[in-house]
There are 4 protein chains.
Amino acid sequence: MALPRSGPVRSEAARLAILRAAASLLTERGYDHLTMEGIARQAGVGKQTIYRWWPSKGDVIAEAILEGHLLAARREPPDTGDARADLATWLVELFSLRSSPEGEGLLRSFIAAAAGNAETGRRLRAEILAAPLMLRLSRAMGVATGPRLDAAADALLGAVILRALSREEFGADDMLALVDVIVGTHPRAEEDTASPAASVG
Amino acid sequence: MALPRSGPVRSEAARLAILRAAASLLTERGYDHLTMEGIARQAGVGKQTIYRWWPSKGDVIAEAILEGHLLAARREPPDTGDARADLATWLVELFSLRSSPEGEGLLRSFIAAAAGNAETGRRLRAEILAAPLMLRLSRAMGVATGPRLDAAADALLGAVILRALSREEFGADDMLALVDVIVGTHPRAEEDTASPAASVG
Amino acid sequence: MALPRSGPVRSEAARLAILRAAASLLTERGYDHLTMEGIARQAGVGKQTIYRWWPSKGDVIAEAILEGHLLAARREPPDTGDARADLATWLVELFSLRSSPEGEGLLRSFIAAAAGNAETGRRLRAEILAAPLMLRLSRAMGVATGPRLDAAADALLGAVILRALSREEFGADDMLALVDVIVGTHPRAEEDTASPAASVG
Amino acid sequence: MALPRSGPVRSEAARLAILRAAASLLTERGYDHLTMEGIARQAGVGKQTIYRWWPSKGDVIAEAILEGHLLAARREPPDTGDARADLATWLVELFSLRSSPEGEGLLRSFIAAAAGNAETGRRLRAEILAAPLMLRLSRAMGVATGPRLDAAADALLGAVILRALSREEFGADDMLALVDVIVGTHPRAEEDTASPAASVG
DNA sequence: CACTAATCGAGACGGTACGTCCCGTCTTCAG
DNA sequence: CTGAAGACGGGACGTACCGTCTCGATTAGTG
């Protein structure tokens, strides 16, 4: 049983202000210009209020991502009927995070956050990025689940991350080539000219 | 033509000491415990000597990697005759960098360095990691070059990076599955043209 | 009225440690070997704690002097009954600061501090050096206050400072001659009025 | 006889450029913003050329003062016939150095230089400041030389320096009062109030 | 209702590292 | 051998944040 407590409970307003401040600062200035003091200042909160509830900067980010304060709009994949093209579209959009207007690269900020913090890394892959990907991918591959699907998901997502890391330009064509390699070209085998329906496979 | 300059020339001893110090500190303590002051101290060099020649920490790392002060032993892929198995072996070894004894993870340190520095990112992929991979991969796929090969390389490398980021364990079996998905399970036979159906399995 | 502030209050322990460290380092090593880092180190304090409360090194010294961490023993003038001799004695003692054992010269350190910092300069003269001087001088001159007294005080003190700056040796006899010139030889002797020609010789 | 030497002799052009650069930088930016690198840059000279001939910054300043690159215009005292007024005028002019337009205070820069360097201190007093002062003072006191004259000179000069250090404003009237106290009011005897002896006493 | 205990904003604290400036020495090349 | 140029090891500068701590004020239960 819980030991009896008195006093005020955790302030939801403060929690939200912190997550929002973290999200906005990460977006605007990038992961390595993100500071606890900056978050506290922007959130109008004492530093201790952050440290009381999160052990590190990465955990704040992890929670902000998880609650959808970041990447919110990106989580819903399109559905045009062509699963493979939808997949490519979604990946291109994800990749475009690489170059936010401020120039730091939100996707790279995520990567840096993941590299520095286990929880962020785990959540970023498992709950955020992978979920919409798996949905489209299972359609494109005609497989509901299984190790091959997992491997394919990692391969796709990893390729995007790698290209973001290496600052390589990466257009829609390249993305389709990538999808083709991983999902397989076969269903569209002849179709490249003859049987488009097969591509749903 | 360049205007003739007199005066002392750049000290090769200092350059090497800095790169070695950076490499050893990165390996031992990880990217985000790596400091310019630490490098200078360990190299027995003034901080200004670092800043004179490299604009940032990431550029020091980039040059250290490029010169082989890091990853040196890892660049030579095995050659057992089974190209696909060699590929998986090499990837597993690469992935094992994920957990260096001190606990930070050399591979993740590279990723963090790449996330924070364009040059490091570009070089990490293009010149270091990709080269031995491409060699094995082209054998495994029976293709010398081309966009499909590039896409496959990115997918393989990216998947390893993604799993490192998300701290997921990743054994030899998983790696073979990954290779199978990307390269194809077939005997690497004629199938590339003859047995498309198998790739769905 | 002042807006009510909460939060921690300034640490008196840190303040004292800083002033004492500054005083001891100034005495031991001289003004231009006195560094903020040295003070912080010796005081066991973060640099920021110094910068938070004092805008410059000179202001730290000014406060140290004002609080009596420096020159403390020197502020009490002797009182033998012979006001003029007391004055000379006090000045000789002051001048002896010129050559501290470590060789930098405490008095010159004060001068350097004053030259570089307005507050130090103002306080050095007004509150510390001038006060005991004025006391003796008013007795020696038989005048309680007034511009003549001020001018005489500046002349005496200034002469000592100038000699310290120019590294000229300056004994008890010289000091008496100086006092005689400024205070006048008359009151304590008839000779001043009787044999003026002697002073020229 | 001199030992035979080969190679070019010391470059007079370099020597002059250094002294001029030092003088102009001291005047413009003050003693503690004066750097060896700055002098070398402005003089178009290698640093080593400075260190080869002068052991320290203070010695460069000392030589610059001695050669008249600083204070040049100030060395000639006026001569209106009223020796005492001339003296006061010269002192006021000297004191006005205290506030150079750039705000650092040339006189205080001299003081700082003197405080930090024995040679500068010695020369500043002995050869530069004292000489024109002694001339006027000996006229005003009707004494050619002697310890009383030396003491009076130190007292006058020292008072000016002290006031400069303490940032006290100091007008023509104050200066006359100072001169009166040190030189004596006697020649102007009756006018003061009636009982000149009292004011001396 | 008083008391207790935990929360909150605020921010001082001892530290580490930053990136810059300058020190005085050393090294190269041109004259 | 001098002199301009400038790289070098070193050290201090003043700033930014770190994560901990200490305040006074506020806000729930508990007794």
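In what follows, chains are A, B, ... by sequence order, proteins preceding strands, each numbered from 1.
Atom pair B:Glu12:CD and E:dT27:P shows a separation of 17 Å (rounding to whole Å applied). For the pair B:Asp32 CG and F:dC18 C1', the interatomic distance rounds to 13 Å; values are reported in whole Å. Going from atom NE2 of A:His33 over to atom C1' of E:dC18 covers 12 Å, rounded to whole Å. Here F:dG10 presents its P atom at 16 Å from CD of C:Glu37, a figure rounded to the nearest Å. Distance, D:Ile39 CD1 to F:dG3 P: 17 Å, rounded to whole Å. Rounded to whole Å, the distance from CG on C:Leu16 to P on E:dC13 is 12 Å. Computed from coordinates, the A:Ile18 CD1 to E:dT7 C1' distance equals 12 Å when rounded to whole Å. The distance between atom CZ of A:Arg15 and atom P of E:dG9, rounded to the nearest whole Å, is 14 Å.
With D:Thr49 contributing its side chain and D:Val45 its backbone, the two residues share no donor-acceptor pair below 3.5 Å. Within the 3.5 Å criterion, the main-chain N or O of B:Gly30 finds no donor-acceptor partner in the side chain of B:Ser109. At least one donor-acceptor pair closer than 3.5 Å links the side chain of C:Arg108 to the backbone N or O of C:Ala164.
When all heavy atoms of A:Ala22 and A:Val60 are compared, the pair lying nearest together is CB-CG1, 3.8 Å. Annotation for D:Ala21 and D:Ile39: closest pair CB-O, 3.8 Å, computed over non-hydrogen atoms.
Residues C:Thr35 and A:Ser56 both approach DNA chain F. Their nearest nucleotides, taken by heavy-atom distance, put C:Thr35 toward the 5′ side. Across the interface with DNA chain E, nearest-nucleotide mapping of B:Pro55 and C:Ala14 shows C:Ala14 to be the residue nearer the 5′ end. For the pair B:Arg41 and D:Met36, both in contact range of DNA chain E, the more 5′-proximal nearest nucleotide belongs to B:Arg41.
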Exercise for review: Starting from the C-alpha separation in whole Å, work towards a yes-or-no answer on salt bridge (Lys or Arg N to Asp or Glu O under 4.0 Å) for D:Arg20 and D:Glu67.
Suggested key: CA-CA 10 Å; D:Arg20 284 183 186 132; D:Glu67 293 219 347; over 6 Å; no
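Residues from residues 43-54 of chain C placing a heavy atom under 4.0 Å of any atom in DNA chain F, listed by number, are C:Lys47, C:Gln48, C:Tyr51.
A salt bridge links A:Glu63 to A:Arg15: at least one charged side-chain nitrogen sits closer than 4.0 Å to a carboxylate oxygen.
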